[in-house]
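Following: one structure in structure tokens, then a few remarks.
Please read these numbers as outputs of a predicted model, since none were measured by experiment. Letters A, B, ... are given to chains in the order of the sequence lines, protein chains preceding strands, and every chain is numbered from 1.
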Amino acid sequence: MSAGTGKTAMNVLEKGGRAASRRTEKLFEWTCACATWFGLGVLVILLLGILWQGATWLTWSFLTSYDSRHPTQAGVLAGLWGSFWLVSVAALVAVPVGLGAAVYLEEYGKKGWLRTLIEINLSNLAGVPSIVYGILGMAVFVKMFGIFQNHPKVLEIWLPFTTLEIPLPFGRTVLSGALTLALLILPIVIVASREALRAVPSSIRHASYAVGATHWQTIRHQVLPAATPGIFTGIILAVSRAVGETAPLLMVGAAVFVAATPGGIAAPADVLRHPAGLLEAPFDPFTALPIQIFNWVSRPEPEYRHVAAAAILVLLAVLQVFNIAASVIRSRMRKRARW
Amino acid sequence: MDTKPSSSATDDPMRLTRRFSLAQAREHAIRLCLLGCALASVLTTIGIIYVLVTETLIAIPPNTAFFQQISPLEFFTGTQWTPQFEERHFGILPLVTGTFLVAGIAALIGLPIGLAGSIYLSEYASPRTRDIVKPILEILAGIPTVVYGYCALVFVTPYVLRPIFHGLFGFDVKVFNAASAGIVVAIMIIPIVTSLSEDALRSVPQALREAAYALGSTKFHVSAKVVVPAALSGILASFLLAISRAVGETMAVAIAAGQTPALTLNPFRSVETMTAYIVNVSFGDKPHGSLDFKALFAVAMTLFVITLAMNILSHLVMRRFREVYQ
């Protein structure tokens with residue numbers, strides 16, 4: 001900056017002092033720049049390290065086999081399908097509820113104690129450690145407050161082609177894990193959807209009212225379609241958060257060693273052979289990709305480190321797909337914006 | 001918003017009233033439904049508090065709460081945590097020091113780096129640099145914590161800590177140690193500090209910077225002596241939020257810091273944090289209702305209260321900051 005060279009108080013500085021201050025200038029800027037690029041450096045080193053440990057272990061059979069007591073035969077099939085079911089069911093629950101909450105807060109809620117309460121609550125929930133959600137999930141979904149402690153029940157629902165058996169309490173099933181994850185990502189979905197709704201200009205709403213639409217018609221046909229890309233981005237981010245969550249799933253009793261997939265579906269084609277599996281899956285025990293990683297990292301045998309690294313590569317690849325999807329939607333949204 | 005359908009009369013006033021009320025009922029039902037969704041998040045909080053309180057403070061009669069069996073005084077001042085031994089001690093201090101040892105190491109490394117990064121992004125970096133750095137930070141923030149735990153155990157301890165602190169200084173660096181966990185937690189909180197502090201720095205009015213330049217300040221003086229002090233409460237809020245995240249961090253710590261509840265400040269020893277204890281207990285098959293199992297809820301309650309207090313403090317500080325400049 002040339003500001004220091006003016007005929008002002010800076011003139012009293014001696015030459016040496018000015019050189020020193022220039023050195024401080026450069027040093028400060030360099031320090032800050034290094035701190036900024038530190039993140040990139042760490043990211044590159046970590047990725048290279050994980051690749052070095054796991055790349056050769058990442059084979060097709062690794063993706064298509066169950067866990068094993070022999071490191072060379074262990075695979076992530078159960079974890080992949082477990083994660084798929086957990087995240088799908090969690091999104092199925094969290095997205096409608098979160099979207100509804102966002103619409104209420106942005107479009108209906110008048111400023112008042114109720115809205116303030118909900119807002120304070122949301123900002124606090126975002127800071128609750130994920131393991132506390134795990135404890136909630138364990139008490140509410142897995143054990144149901146111990147109501148059925150001594151006489152577990154099975155709720156039978158008769159369907160034309162199968163009987164759906166819902167255990168009460170839910171126990172250590174996909175459903176318990178998914179509902180816990182749903183509670184965890186609910187605040188994220190709400191916050192992201194609110195931002196998307198807020199970005200819709202009020203002139204659109206006013207135009208809709210002007211042609212006689214009711215409040216709900218305006219939201220349903222104008223505001224929600226306009227906010228869809230933003231909402232989608234938020235949902236993808238929430239889902240990618242759910243994919244990597246480990247601690248709450250351990251709390252709700254994710255099994256470490258599972259040699260089956262939920263509902264017996266180990267490939268998309270299995271759905272045709274055994275369609276009832278789709279309904280049975282939420283009530284099966286489960287494992288998940290990050291749980292498998294945790295398990296392998298904790299094993300004493302050094303070979304499992306490589307297995308864990310390979311599983312981490314799979315997990316990071318899945319997350320990267322979500323990230324790319326989110327950024328594609330975001331850039332499309334920028335181009336398409338009409339206002 | 002003005003939602004009432006206009007009441008301009010048509011030929012059949014009776015019919016109009018009826019249609020009017022039907023439409024209104026529908027609108028009302030939808031509104032209630034949406035309110036229910038909004039209250040689901042409140043219900044989550046109530047659920048968390050209910051579970052923690054009934055297990056630790058006031059139990060529903062047939063059960064007994066943790067603090068009805070163990071005195072709070074022993075719990076909060078005891079220096080031994082040995083729920084699984086014959087001679088049981090429930091003193092949470094080793095877990096608390098373990099937690100704050102890891103969080104402290106993380107803060108010592110992560111906060112300065114995060115702050116320096118935010119100063120660079122807000123005061124020095126070109127918009128192009130910012131467009132490159134921000135997505136990288138997002139990726140770092142999105143990496144699952146179990147991956148960081150793996151890195152601490154497999155890379156940080158053998159390739160960073162051992163050569164430096166064992167090779168050069170002769171410390172005894174254990175396989176599981178607080179330092180490696182602290183280092184990876186630092187990497188996790190850097191994106192939080194950088195992005196929140198950058199928001200605070202950028203919302204300092206441009207007029208303050210220009211006034212400082214007009215008085216002959218250099219860029220360093222403007223950044224360090226005008227902008228940072230002006231944004232101080234925003235920066236503090238980001239620090240508090242980051243530390244609370246470090247305290248509540250689970251998987252990285254459970255993998256890398258070990259499972260030995262030890263009252264120590266030695267970063268190269270194995271320690272157990274509150275979160276790691278919760279994970280380790282739930283991993284084993286402790287019978288529901290036993291005292292060790294209830295200890296889990298007492299630890300979780302302590303953790304919840306600590307992080308909640310830090311988050312609330314952070315929001316209060318942040319609000320003060322907003323009031324100054326808006």
Sub-4.5 Å side-chain heavy-atom contact between [X] and [Y]:
X	Y	answer
Leu35(B)	Tyr108(A)	no
Pro144(B)	Leu315(A)	yes
His28(B)	Trp216(A)	no
Phe304(B)	Ile135(A)	no
Ser123(A)	His315(B)	yes
Thr307(B)	Val132(A)	no
Ile50(A)	Val147(B)	yes
Tyr148(B)	Leu46(A)	yes

Distance from [X] atom [atom1] to [Y] atom [atom2], nearest 0.5 Å?
X	Y	atom1	atom2	answer
Ile30(B)	Tyr104(A)	CD1	OH	14.0 Å
Phe28(A)	Tyr120(B)	CZ	OH	12.0 Å
Ser41(B)	Leu186(A)	OG	CG	6.5 Å
Arg305(A)	Leu153(B)	CZ	CG	4.5 Å
Glu27(B)	Ile219(A)	CD	CD1	7.5 Å
Glu138(B)	Leu237(A)	CD	CG	7.5 Å

Testing the basics here: between [X] and [Y], what is the closest heavy-atom pair and its distance to 0.1 Å?
X	Y	value
His221(B)	Glu25(A)	N-OE2, 4.2 Å
Ile113(B)	Ala35(A)	O-CB, 3.5 Å
Gly47(B)	Leu136(A)	C-CD1, 3.3 Å
Ala38(B)	Ala101(A)	CA-CB, 3.4 Å
Cys37(B)	Gly100(A)	CB-C, 3.7 Å

Quiz item: Got a sec: does the CZ of Arg130(B) have more than 12 other heavy atoms crowding it under 6.0 Å?
Solution: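 Counting other residues, nucleotides and ligands, CZ of Arg130(B) exceeds 12 neighbours.
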
Top of [options] for chain B proximity - count of heavy-atom pairs under 4.5 angstrom:
options	result
Val128(A), Ile190(A), Leu114(A), Thr218(A)	Val128(A)
Leu183(A), Val103(A), Thr36(A)	Thr36(A)
Gly127(A), Ala126(A), Ser130(A)	Gly127(A)

Need one label for [X]: side chain, backbone, both or neither, based on atoms under 4.5 Å from any heavy atom in chain A.
X	result
Ile48(B)	both
Thr194(B)	neither
Leu241(B)	neither
Ser223(B)	side chain
Ile187(B)	side chain
Ile190(B)	side chain
Val51(B)	side chain
Val154(B)	side chain
Leu43(B)	neither

Using non-hydrogen atoms and a 4.5 Å limit, figure out which bit of [X] sits close to chain B: side chain, backbone, both or neither.
X	answer
Leu250(A)	both
Val42(A)	side chain
Trp52(A)	side chain
Tyr133(A)	side chain
Phe38(A)	side chain
Trp37(A)	side chain
Leu40(A)	both
Pro187(A)	neither
Ala102(A)	neither

Self-check item: Closest-packed option against chain A by number of heavy-atom pairs under 4.5 Å, given Gly248(B), Gly117(B), Pro135(B), Ala40(B)
Solution: Gly117(B)

Quiz item: What residue in Thr54(B), Ile255(B), Leu137(B), Ile132(B) has the most heavy-atom pairs under 4.5 Å with chain A?
Solution: Ile255(B)

Quick one: does any side-chain atom of [X] pair with a main-chain N or O of [Y] as donor and acceptor, under 3.5 Å?
X	Y	value
Asn323(A)	Ile139(B)	no
Glu29(A)	Tyr124(B)	no
Asn311(B)	Asn124(A)	no

Quiz item: Between Phe220(B) and Arg22(A), does a side-chain contact (heavy atoms from CB on, under 4.5 Å) hold up when you go through it step by step?
Solution: CA-CA 9 Å; Phe220(B) 166 59; Arg22(A) 207 165 294 149; over 6 Å; no

Quiz item: Thr24(A) and Thr218(B): side-chain contact (heavy atoms from CB on, under 4.5 Å), yes or no, with the steps?
Solution: CA-CA 10 Å; Thr24(A) 326; Thr218(B) 61; over 6 Å; no

Quiz item: Checking side-chain contact (heavy atoms from CB on, under 4.5 Å) for the pair Ile131(A)/Leu303(B): CA distance, chi angles, key distance, verdict?
Solution: CA-CA 10 Å; Ile131(A) 189 142; Leu303(B) 177 71; 3.8 Å; yes

